[in-house]
Amino acid sequence: MIDKETRIKIAIQKSGRLTDHSLDLLQRCGLKYTRARDQLICFGENMPLDILLVRDDDIPALVRDDVCDLGVVGLNIVEEARLGFQDNGPGEPFSILQRLDYGHCRLCFGYPEDGPVQTVAELAGQRVATSYPNVVADYLRREGIAADVVEFSGAVEIAPSLGRADAICDLVSTGTTMKAHKLREGETILDSEAVILRTPVDIPPAKQEWIDRLLQRIEGVMQVRESKYIMMHAPKSALGQISELLPGSEAPTVLPLEGRDDKVAVHVVCRETVFWETLENLKSIGASSVLVVPVEKMLA
Ligand code: PRP
Ligand code: ZN
């Protein structure tokens with residue numbers, strides 16, 4: 001039995017596109033855990049936090065019902081659940097604490113390449129297959145289009161070739177699935193990424209303190225994800241250009257180089273992706289010995 005007064009329970013997807021990222025995020029926040037034999041609960045060893053591994057579609061209800069304090073799930077599933085819960089009366093079923101900037105994908109219409117329907121407007125009187133019936137129906141209602149929403153729990157992309165639908169609305173990440181099924185990607189109705197949900201119920205202070213700490217660490221992890229520490233030798237006269245080439249960099253540290261009056265050592269933290277092109281440009285303005293190293297932790 002897990003102590004509900006003091007231990008935080010966080011639900012994450014058991015196996016799917018968010019699983020590895022979500023476990024990795026918690027580990028980067030310092031969590032060490034052991035996985036129970038049934039593999040469904042991971043017990044935190046150094047934080048009062050336990051992980052429940054569940055189906056992603058179940059996460060919104062687990063958080064709404066306060067079975068879990070927190071949940072990590074895609075916005076696509078959050079929105080589908082939120083619209084579904086509206087029938088149960090007013091009041092927010094959960095709140096979104098933070099967007100996590102991974103698991104990016106979009107909910108899009110897909111039209112058979114050689115079919116008559118190629119836009120949302122042409123969907124009037126036609127059938128659209130989806131696993132997101134609430135989101136799609138809500139969108140069509142707002143657009144004023146009367147179409148039949150046919151619910152599929154999986155393999156939505158084969159609905160048109162089975163003669164069960166005239167179009168689909170499904171998640172697209174790379175676009176490979178739609179292309180492979182000769183579907184043309186149409187209008188996007190939702191941009192999704194992983195988010196953290198929080199229960200609507202009050203949380204005891206001892207637990208809340210740990211949640212605040214976790215959120216702060218998550219922010220730190222997100223900040224350093226693309227961050228690099230860059231070191232180089234450069235002509236003093238190029239300092240201005242270097243700052244321009246490295247947007248998002250903090251005020252650089254400039255150090256003298258023994259026996260060199262014209263050149264200095266420059267150290268900068270750059271919060272954006274550093275591309276090869278940038279390094280080549282640095283070289284062309286006279287920088288040499290350029291080193292780019294990853295940043296592991298950052299506390300603002
Ligand atoms: C989604 C969607 C497609 C695929 C699209 O399924 O239903 O099958 O991903 O990705 P692509 O554009 O990169 O080809 P997902 O893997 O999320 O599984 P689920 O729908 O069963 O949750
Ligand atoms: Zn799913």
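Heavy atoms only: backbone and side chains are in, while hydrogens, waters and symmetry mates are out. Ligands are counted one by one from 1 in listed order, and the atoms in each one are counted from 1 as well.
- Salt bridge E92/R82: present, at least one basic N to carboxylate O contact under 4.0 Å.
- Near V172, meaning under 4.0 Å from one of its heavy atoms, ligand 1 places the atoms 12 (O).
- Residue-to-ligand polar distances place G175 within reach of ligand 1: an N/O pair is separated by less than 3.5 Å.
- Using a cutoff of 4.0 Å between basic side-chain nitrogens and carboxylate oxygens, D69 and K9 are not scored as salt-bridged.
- Taking the centre and axis of the six-membered ring of F94, the NZ or CZ atom of R198 falls outside the cone set by 45° and 6.0 Å.
- Under 4.0 angstrom from ligand 1, the non-hydrogen atoms of T174 come from both its backbone and its side chain.
- Both I242 and V274 are part of a single hydrophobic cluster, where members link through side-chain heavy atoms under 4.5 Å apart.
- Residue contacts with ligand 1 for R17 involve side-chain atoms from C-beta outward but no N, CA, C or O (heavy atoms, distance under 4.0 Å).
- Those atoms of ligand 1 with a heavy atom of D170 less than 4.0 angstrom away are 2 (C), 3 (C), 7 (O).
- Note: no N/O pair closer than 3.5 Å links D56 and ligand 1 by distance alone.
- Between F109 and Y139, the ring planes lie tilted relative to each other; the angle falls in the 30° to 60° range.
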